[in-house]
Amino acid sequence: MKKLTLSFYQRPDVLKIARELLGKVLVTKLGPEGYRDETSGRIVEVEAYNGVVDKASHASGGRRTSRNEVMYGEGGISYVYLCYGIHHLFNVVTNRQETPHAILIRALEPIKGIDVMLERTGKKELDTSLTKGPGNVSKALGISFKQHSGLSLLSKEIFIAEDDFKLNKKDIIASPRIGVDYAGEDAKLPYRFFIRGNPFVSGSRQVNSR
DNA sequence: CATAGGATCGCCT
DNA sequence: GGCGATCCTATGT
């Protein structure tokens, strides 16, 4: 496995990067047990947020607050925030400084540390709900907004790597993003990408466009 | 200072 | 498919 480099994250096309994140492996090594608490999973569902011109983005219209400030940083860091008072949502910041592109990681297929993930989520056995949906992803991997927002994705605590897994382009499906109805016309943009037929993909409809 | 609402989830019917 | 949980953040006075 090799870590993705800054040059991967700092490219200008957030849609392309989002597609390329499918099949990569998100790894966290967090908690008191250090490396023993390693958890990882293959990314099977993402959503791209295209900066200031995207009404669904927290950075829409150049909005800049203490919460979303890290979106304006260099590509290759995390943006984690609290949603509905309960869920921590993990994003990858892309592009260069001052261009607030981000990609929400919505679902993983668990690879390592399933026992640790079960412990963190209070579940008894592995089923697809363990890492299906962005709230569950963060919970299983131990990611929280206070501790992990703005962290470098080249750090040893949180990073994304690639192994020899290959994904056929035909198995990538695009659809509108979920839960962004407030964004008007932009809610219809096909900025959600997922791996066809993967059981960990969230949502009831696996709508096909592309 | 007060208030409304959210890039969700899981349980209920 | 409907709804309550739960709390931080943004915004307005």
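In the text below, chain A, chain B and the rest are named by the order of the sequence lines, each starting its count at 1.
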Compare every heavy atom of A/I17 with every heavy atom of A/R11, then report the nearest pair and how far apart it is.
-> O-CD1, 3.6 Å
So do A/Y9 and A/E74 actually touch side chain to side chain, heavy atoms under 4.5 Å?
-> no
For the pair A/D54 and A/R177, evaluate salt bridge (Lys or Arg N to Asp or Glu O under 4.0 Å) and give the outcome as yes or no after the intermediate values.
-> CA-CA 12 Å; A/D54 183 351; A/R177 293 169 292 187; 2.7 Å; yes
In whole angstrom, what separates A/H88's NE2 from C/dT9's C1'?
-> 14 Å
Give A/L104 one of three labels, base, sugar-phosphate or nothing, depending on what nucleic acid heavy atoms sit under 4.0 Å from its own.
-> base
How far, in whole Å, is B/dG5 from C/dC3 if one measures between their C1' atoms?
-> 16 Å
For the student: nearest non-hydrogen atoms of A/D181 and A/A187, plus distance | CA-CB, 4.2 Å
is_close_aromatic(A/H148, A/F90), centroid dist under 6.0 Å = no
Outermost nucleotides of DNA chain B that come under 4.0 Å of a non-hydrogen atom of chain A | B/dG6 to B/dG10
Can you list, by residue number, the residues of residues 77-86 of chain A that have a non-hydrogen atom closer than 4.0 angstrom to DNA chain C?
-> A/L82, A/Y84, A/G85, A/I86
Pairwise side-chain contact, A/I77 with A/V70, heavy-atom cut-off 4.5 Å (strictly under) = yes
For residues 48-74 of chain A, which residues have at least one heavy atom under 4.0 Å from DNA chain B?
-> A/Y49, A/A56, A/H58, A/M71
Under 3.5 Å for both distances, Watson-Crick or G-U wobble, that's the pair rule; now give the dot-bracket for DNA chain C, with | marking pairs to another strand and [ ] for crossing ones.
-> |||||.||||||.
Residue pair A/T94 / A/V92, side-chain heavy-atom distance below 4.5 Å = yes
Contacts of A/K16 meeting side chain to side chain donor-acceptor pair (under 3.5 Å) (sequence neighbours excluded), chain-then-number -> A/E20
Contact summary for A/K132 and A/A107, nearest pair of heavy atoms = CA-CB, 4.3 Å
Ion pair A/K2/A/D164, N-O distance below 4.0 Å = no
From A/N50 CG over to A/H101 NE2, what is the distance, rounded to the nearest 0.5 angstrom?
-> 4.5 Å
Which residues in residues 113-144 of chain A have at least one heavy atom lying under 4.0 Å from any atom of DNA chain C?
-> none
Can you tell me how far C1' of C/dT9 sits from OH of A/Y182, to the nearest Å?
-> 14 Å
Nearest heavy atoms of A/V80 and A/S149, plus distance in Å = N-OG, 3.0 Å
Side-chain ion pair, A/R106 and A/E47, N-O less than 4.0 Å = yes
Taking every heavy atom of A/S202 against every heavy atom of A/I178, the minimum-distance pair comes out as OG-CD1, 4.2 Å
Indicate the ring-plane relationship of A/Y81 and A/Y79, choosing parallel, tilted or perpendicular according to the 30° and 60° boundaries.
-> parallel
